[in-house]
Amino acid sequence: MTSSSLPHRPKTLSRAQRAVRCAPFYMKLLAAMKSNSVALRSITDDRGMLNGYTRQPLSDVAADQHLGWLMAVGIVRREVDGQGLTDSFRLTPIGRQLVDQWETTGRPDSTGSPLDYLLNAKNRWFRLPTWLQ
């Protein structure tokens with residue numbers, strides 16, 4: 001079974017897709033994370049825009065918070081090296097599955113609808129702690 005054929009609940013995939021639509025990142029960033037780890041410093045400030053990764057300049061803290069939410073919904077993960085966690089990110093199996101779907105359907109970069117932003121904010125800010133789930 002390949003990573004792109006792992007079964008995921010429709011609700012999980014829907015939440016992940018919505019999180020990506022509401023994030024300040026372009027699909028180019030996720031496509032880059034599919035084959036390589038991407039360092040936080042290449043996403044922040046003007047570098048993120050110059051690399052075609054972000055819609056606007058992001059501070060280190062803002063980029064890390066947005067990537068943290070994408071980690072929480074299961075799209076990206078922090079890269080690990082021999083010393084421990086790094087400041088680089090890669091796609092998870094769910095992230096790969098979504099990128100594969102978007103690449104085959106020719107999905108252009110898009111932003112979420114007002115309802116997407118509302119539901120994403122609700123999921124992001126009013127979720128149960130993991131120890132209660």
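None of these values were measured; they are calculated from a predicted model.
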Determine all donor-acceptor pairs shorter than 3.5 Å in which one atom belongs to a side chain in residues 66-79; sequence neighbours excluded.
| from | atom 1 | to | atom 2 | distance (Å) |
| --- | --- | --- | --- | --- |
| Trp69 | NE1 | Asn120 | OD1 | 3.0 |
| Arg77 | NH1 | Glu79 | OE1 | 3.4 |
| Arg78 | NH1 | Thr86 | O | 3.4 |
| Arg78 | NH2 | Asp64 | OD1 | 2.5 |
| Arg78 | NH2 | Asp64 | OD2 | 3.4 |
| Glu79 | OE1 | Arg90 | NE | 3.2 |
| Glu79 | OE2 | Arg90 | NE | 3.3 |

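With hydrogens and angles disregarded, a donor-acceptor distance shorter than 3.5 Å links the side chain of Thr105 to the backbone of Gln101. Remark: the backbone N or O of Pro57 is not paired with any side-chain donor or acceptor of Thr54 at under 3.5 angstrom. With hydrogens and angles disregarded, a donor-acceptor distance shorter than 3.5 Å links the side chain of Lys28 to the backbone of Asn51. Under the 3.5 Å distance criterion, the side-chain polar atoms of Thr104 are matched with a main-chain donor or acceptor of Asp100.
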Check the pair Phe89 / Leu29 against side chain to side chain contact (heavy atoms under 4.5 Å, CB included), numbers first and verdict last.
CA-CA 10 Å; Phe89 298 85; Leu29 174 62; over 6 Å; no

List the steps and the verdict of side chain to side chain contact (heavy atoms under 4.5 Å, CB included) for Arg55 and Tyr26.
CA-CA 7 Å; Arg55 301 179 195 284; Tyr26 286 118; 3.3 Å; yes

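Between Asn123 and Arg18, the shortest heavy-atom distance links the atoms ND2-NH1, 3.3 Å. Heavy-atom minimum distance, Tyr53 versus Ala32: OH-CB, 3.7 Å. Shortest non-hydrogen contact noted between Arg21 and Tyr117 is O-OH, 3.9 Å. Looking at every heavy atom in both residues, Ser88 comes nearest to Ala39 through OG-CA, 3.5 Å. Between Ile94 and Ala16, the shortest heavy-atom contact is CG2-CB, 4.3 Å. Closest of all the heavy-atom pairs between Ala63 and Leu40 is CB-CD1, 3.8 Å.
Applying the side-chain contact (heavy atoms from CB on, under 4.5 Å) rule to Gln83 yields the partners Asp81; only residues at least two apart in sequence or on another chain are considered. Scored by the side-chain contact (heavy atoms from CB on, under 4.5 Å) test, Ser59 finds Val61, Ala62 as partners (sequence neighbours excluded). Residues satisfying the salt bridge (charged side-chain N to carboxylate O under 4.0 Å, His left out) criterion with Arg124, sequence neighbours excluded, are absent altogether. Looking at residues two or more places apart in sequence or on another chain, you find a side-chain hydrogen bond (donor to acceptor under 3.5 Å, both in side chains) between Thr44 and Arg47, Asp60.
Two residues are said to be in side-chain contact when any heavy atoms from C-beta on lie closer than 4.5 Å; Leu58 and Asp45 fail this criterion. Between Met27 and Glu103, the closest side-chain pair of non-hydrogen atoms is not below 4.5 Å.
Residues Met49 and Val38 do not share a hydrophobic cluster, clusters being chains of Ile/Leu/Val/Met/Phe/Trp/Tyr side chains in contact below 4.5 Å.
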